[in-house]
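Following: one structure in structure tokens, then a few remarks.
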Amino acid sequence: METEKYNHKEIEKKWQDAWEKEGAFHAKNEYDKPKFYALVEFPYPSGQGLHVGHPRSYTALDIVAREKRMQGYNVLYPMGWDAFGLPTENYAIKNKIHPRIVTEKNIARFKNQLQSLGISFDWSREIDTTDPEYYKWTQWIFLQMFKKGLAYKSEATVNWCTSCRCVLANEEVVGGVCERCGSEVVQKVKSQWMLAITKYAQRLIDDLEKVDYPERVKTQQINWIGRSTGAEVDFATNVNENLKIYTTRPDTIYGVTYMVISPEHPFIEKHKSKIKNIVDVEKYKLEANKKSDFQRTEMNKNKTGIKLEGVHAINPVNNEEVPIFVSDYVLMSYGTGAIMAVPAHDERDKEFAEKYCLPIVNVIDEDDIMINSGILNGLKSSDAKEKMIKFLESEGKGKAKVNYKLRDWVFSRQRYWGEPIPIVHCEKCGYVPVPESELPLKLPEIEDFESLEGGDSPLENITPWVNTKCPKCGADAKRETDTMPQWAGSSWYFLRYTDPKNKENLASNEAIKYWMPVDWYNGGMEHTTLHLLYSRFWYKFLYDIGIAPDVEPYKKRTSHGMILGENNEKMSKSRGNVVNPDDIVSEYGADTMRIYEMFIGDFEKPAPWNTSSIKGSRRFVERYFGLQKIVDDNKKMSSKLETSFHKTIKKVSEDIESIKFNTAVASLMSLINEIYEQGFITTEYLGIFTLLLSPFAPHVTEEVWKNCKLGSGFASNSEWPKYDEKKCKDSEVEIALQVCGKFRGKINCGTGLSKEEIFELAKANESFSKFIDGKEIVKIIYVPNRLLNAVVK
RNA sequence: GCCGGUGUGGCGGAAUGGCAGACGCGACGGACUCAAAAUCCGUUGUUGGCAACAACGUGUGGGUUCAAGUCCCACCACCGGUACCA
């Protein structure tokens, strides 16, 4: 009987309680020890409870944290709650319960579920973004940004979710619909708080060189920031105002045959008396405004526009007259809202020119050489770009310019369940920060959480809270009623873990200096342009004001793949393929669940769930538990098995470091197979196996550790096994024999034999020799300890 | 369209240019059992053959190499990101 049933419910609970009682996983404030800060994205405690996807990430970094702890590091592996947010608020509105109550309930459930998995979180450092003692510091950081001019209020066209009745950041609009609820997003002009993330655009690109992120994450961020280089050029007009355009291709300026301005461009309003067809133009403007972003993209192939009659521009390099069009294919929000159109070398301009029968002038030939281009003729287009910028600069008609697609971050939400923005609006003094001594500015207790009909925050109706005095001049004033977006609290939470109870500061200098940066941060790809970008931005700001010790918060970032349903589709209620982790833990145990999720496939790639495969992981755990029955210290372990042990220690250690948890588990499975082949194990080696398995299956290993008296204290806090490089080498090797690259048999022999010696042995092997007999040997290739290949004619 | 990624048995997946399919699931055969489950032993890429063995085989088509899943060129399919960003 090789497997051994064990009562996972009893064993797992027992050790979870024991660890918690002893504070086995508490990070120590001993700042002279080597530290390791492992971090996973803290969850939003939704009403659905934990998803099987959560433990994939948490277990992976738990393994890392546990291994580092066993290697002697002072490890910080914390957990908390990103608890502000819409679903809770919507649930609260629907069921007339305060969102705080809902949040508390959800947190309790999540915490329970996480604890049942045996993750070695330091629960003494638990944080909650909705706790006033926490959001005090979110508000404080906002005020520092306000003081540095990075938080500002602005009348802006914003994305408006028709269902959430709330503005969205660009990053929250996915394919023209709301990221959260999937409803239509329209454009609306509203006065909003903004954060000037664009001021950090270049640094957010440049500093990616300093961090160890997956390449795909770096590229995705770089693409999102969207840097482009070109020039701004002034085109004179017949109405006495220059039209400033942005182009990445100043080399093609001789090919300009018309210009386009966006429907929102102020030029129209300013010169409407000169525009002969102003009635039609305004009609076009109106139609363009009505379109949502979604509609604009849908119709993106079919360009529309209208010519401004009576006005024209002058090409600054050849003084030709250029007609001006209005079209919604030019966006007011990028560049200058106006372009020079070069239909010969731009797809969109070409499409428009063809539709409106505008001339197309070629200025670059097939060999990439400039033609019809005055001073640029004969140059390569890349050189022409440089030359034209210099020329325009010397003439005072333009200058080099860098642009970014990244927009400033819309930071206002018209909802209740978020951090109140700590600003007072005074008629006389304008926007005045709430004094830091009055933080946290708490959410008032209210009963109706629904946003107002016009889209204003429900806080608007709480007159006693809204009406206040100006902190500066004492006059009657009103509080800001917008709250912060969900991304606020998560933009700095990793700092709070370093010193979560601090009342004077967001965390002490010593704690921040010791623990930061996060050594290993794992999270989802979906946060690449949201949380990951936002938090890098905040950290850079905190560096600028002397709080963060360096410019990047996360040294190493990895991304887990999603766990899909059995049908290979994303798990969702509507698809009916959701697996509840509670059921798995209850039936198979946390250790099995953990091993299964690590073994399921490449950690970074998506993997479909398969309930019948879990049995294999459970069998493995039982086979491990059964080792207790075959302990025999009167026998000696074979040297082959000893070698396998050393190899496995090496492999598991390296695989954890390189995120290959699946092959780490596979190598432990192979090792246990070898142990059963031998038929017994010594106490010493059972100890080694137990320690190697401990990060993956912490409960059952703790139980065996104690049952077999493998060592003192917890296995979880014992020393990680070391391997001997010399003992990783087999004494006998198997060498593959090939003739002309085709496999023709194999031989076993000792290591370190020469090519000639191996060849002699090979010739004695019939299945090999029959392919070389009577043939001329051209070449012998020998790869030491692996393969011998005879090339014959 | 552009930018990433991925294509390997019935399935999840392994393979520093060096024996393709480790490890696991499933399936099949056997042992144990009155029987079943569990467990243990064996087989399991395809084709041909009683067999030893042979041929074929990592999305497709070429190429480099003694040797290609792995490197190069061209293409196809799927997934993710992004999209009138001038």
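These figures come from a predicted structure and were not determined experimentally. Chain naming here is simple, since letters A, B, ... match the order of the sequence lines and numbering starts at 1 in each.
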With sugar-phosphate meaning primed atoms plus P, OP1 and OP2, does A:Asn223 contact a base, only sugar-phosphate, or nothing at under 4.0 Å between heavy atoms? sugar-phosphate
Closest nucleotide among B:rA86, B:rG13, B:rC19 to the A:Thr248 side chain: B:rA86
At what distance, to the nearest 0.5 angstrom, does CG of A:Asp408 lie from OG1 of A:Thr198? 3.5 Å
Nearest-Å distance for atom pair OH/C1', residues A:Tyr6 and B:rA38: 16 Å
Touch class at under 4.0 angstrom, heavy-atom based, for A:Ile600 against every strand present: sugar-phosphate
Pull up the glycosidic torsion of B:rG63 and say syn or anti, syn being anything within 90° of 0. anti
Just N and O in the side chain of A:Tyr329: are any of them under 4.0 Å from OP1 or OP2 of B:rA86? no
A:Glu41 and A:Arg557: CA distance, side-chain angles, deciding distance, salt bridge (charged side-chain N to carboxylate O under 4.0 Å, His left out) verdict: CA-CA 11 Å; A:Glu41 287 169 349; A:Arg557 166 85 177 185; 2.8 Å; yes
Identify the residue among A:Tyr596, A:Phe696, A:Phe603 that makes a ring-ring contact (aromatic ring centres under 6.0 Å, His included) with A:Phe661. A:Phe603
Inter-nucleotide C1' distance (B:rC19, B:rA67), Å rounded: 12 Å
Does the pair A:Arg618/A:Glu622 count as a salt bridge with the N-to-O cut at 4.0 Å? yes
If the C1' atom of B:rG69 is compared with that of B:rU6, how far apart are they to the nearest Å? 13 Å
If pairing means Watson-Crick or G-U wobble with both distances under 3.5 Å, then the partner of B:rG7 is B:rC76
Nearest to the A:Gln220 side chain among B:rC19, B:rG13, B:rG81, which nucleotide is it? B:rG81
Rounded to whole angstrom units, what separation is found between the CD1 atom of A:Ile672 and the P atom of B:rC23? 14 Å
Which nucleotide in B:rC84, B:rG24, B:rC19 has an atom nearest any side-chain atom of A:Asn673: B:rG24
If we take the P atom in both B:rC40 and B:rC25, what is their distance in whole Å? 10 Å
Rounded C1' spacing from B:rA20 to B:rU8 in Å: 8 Å
Nearest-Å distance once atom C1' is located in both B:rG10 and B:rC75: 29 Å
For atom CZ of A:Phe768 and atom P of B:rC53, their distance in whole Å: 16 Å
Provide the distance between the two C1' atoms, one in B:rA54 and one in B:rA77, to the nearest whole Å. 34 Å
Check every strand shown and say whether A:Asp602 touches a base, only sugar-phosphate, or nothing at a heavy-atom separation below 4.0 Å. sugar-phosphate
Between B:rA38 atom P and A:Tyr588 atom OH, what is the distance in whole Å? 11 Å
Want to settle it: does A:Ile339 or A:Lys605 sit nearer the 5' end of RNA chain B, counting the closest nucleotide to each? A:Lys605
Looking at every strand, decide which applies to A:Lys218 at a 4.0 Å heavy-atom threshold: base, sugar-phosphate, or nothing. nothing
Could you check which nucleotide pairs with B:rU16 in any of the strands shown, counting Watson-Crick or G-U wobble with both distances under 3.5 Å? none
Quantified in whole Å, what is the P atom distance between nucleotide B:rG26 and nucleotide B:rG81? 34 Å
Within a radius of less than 6.0 Å around NZ of A:Lys647, do more than 12 heavy atoms belonging to other residues, nucleotides or ligands occur? yes
Is the shortest distance from a Lys or Arg side-chain nitrogen in A:Lys650 or A:Glu725 to a carboxylate oxygen in the other one below 4.0 Å? yes
For a quick check of understanding: with a heavy-atom distance under 4.0 Å over all strands, which category does A:Ser333 fall into, base, sugar-phosphate or nothing? nothing
For the residue pair A:Leu208 and A:Lys218, what are the closest heavy atoms and their distance? O-NZ, 3.0 Å
Could you tell me whether the phosphate oxygens of B:rA86, OP1 or OP2, come under 4.0 Å of any side-chain nitrogen or oxygen in A:Ser228? yes
Less than 4.0 angstrom between a side-chain N/O of A:Lys660 and OP1 or OP2 of B:rA15, yes or no? yes
Select base, sugar-phosphate, or nothing to describe what A:Arg744 touches, counting heavy atoms under 4.0 Å on all strands. sugar-phosphate
For B:rG1, what is the paired nucleotide under Watson-Crick or G-U wobble rules, both distances under 3.5 Å? B:rU82
If you look at every strand shown and take non-hydrogen atoms under 4.0 Å, does A:Gln738 touch a base, only sugar-phosphate, or nothing? base
Can you confirm if the aromatic rings of A:Tyr258 and A:Phe352 lie within a centre distance of less than 6.0 Å? yes
Tested for side-chain contact (heavy atoms from CB on, under 4.5 Å) against A:Ile659, the lone hit among A:Thr558, A:Asn522, A:Asp602 is A:Thr558
Out of B:rA14, B:rC25, B:rA15, minimum distance to the side chain of A:Arg619 belongs to B:rC25
Among the nucleotides B:rG13, B:rC66, B:rA86, whichever has the atom closest to the side chain of A:Asn789 is B:rC66
Between P of B:rU6 and CE of A:Met525, the distance in whole Å: 12 Å
When both hydrogen-bonding distances must be under 3.5 Å and the geometry is Watson-Crick or G-U wobble, what is B:rU33 paired with, if anything? none
Applying a 3.5 Å limit to both distances, which nucleotide forms a Watson-Crick or G-U wobble pair with B:rG49? none
Whole-Å gap separating C1' (B:rG18) and CD1 (A:Ile780): 15 Å
Tell me what A:Arg786 touches on the nucleic acid: a base, only sugar-phosphate, or nothing, going by heavy atoms under 4.0 Å. base
Give one of base, sugar-phosphate or nothing for A:Phe771, where a contact means two heavy atoms less than 4.0 Å apart. sugar-phosphate
Testing B:rC66, B:rG26, B:rC53 for proximity to the side chain of A:Lys615, the answer is B:rG26
Is it the case that B:rC19 (base atoms only) and A:Glu734 (side chain only) share a donor and an acceptor within less than 3.5 Å, ignoring hydrogens and angles? yes
How far, in whole Å, is B:rG12 from B:rC50 if one measures between their P atoms? 34 Å
Pair assignment for B:rC71, Watson-Crick or G-U wobble, requiring both distances under 3.5 Å: B:rG63
For a quick check of understanding: with a heavy-atom distance under 4.0 Å over all strands, which category does A:Asn403 fall into, base, sugar-phosphate or nothing? nothing
How many whole angstroms separate atom CH2 of A:Trp224 from atom P of B:rG4? 18 Å
Want to settle it: does A:Ala607 or A:Arg249 sit nearer the 5' end of RNA chain B, counting the closest nucleotide to each? A:Ala607
Go ahead and name the base partner of B:rG42; Watson-Crick or wobble counts if both distances stay under 3.5 Å, otherwise write none. B:rC28
Distance, rounded to the nearest Å, where A:His527 contributes NE2 and B:rG80 contributes P: 17 Å
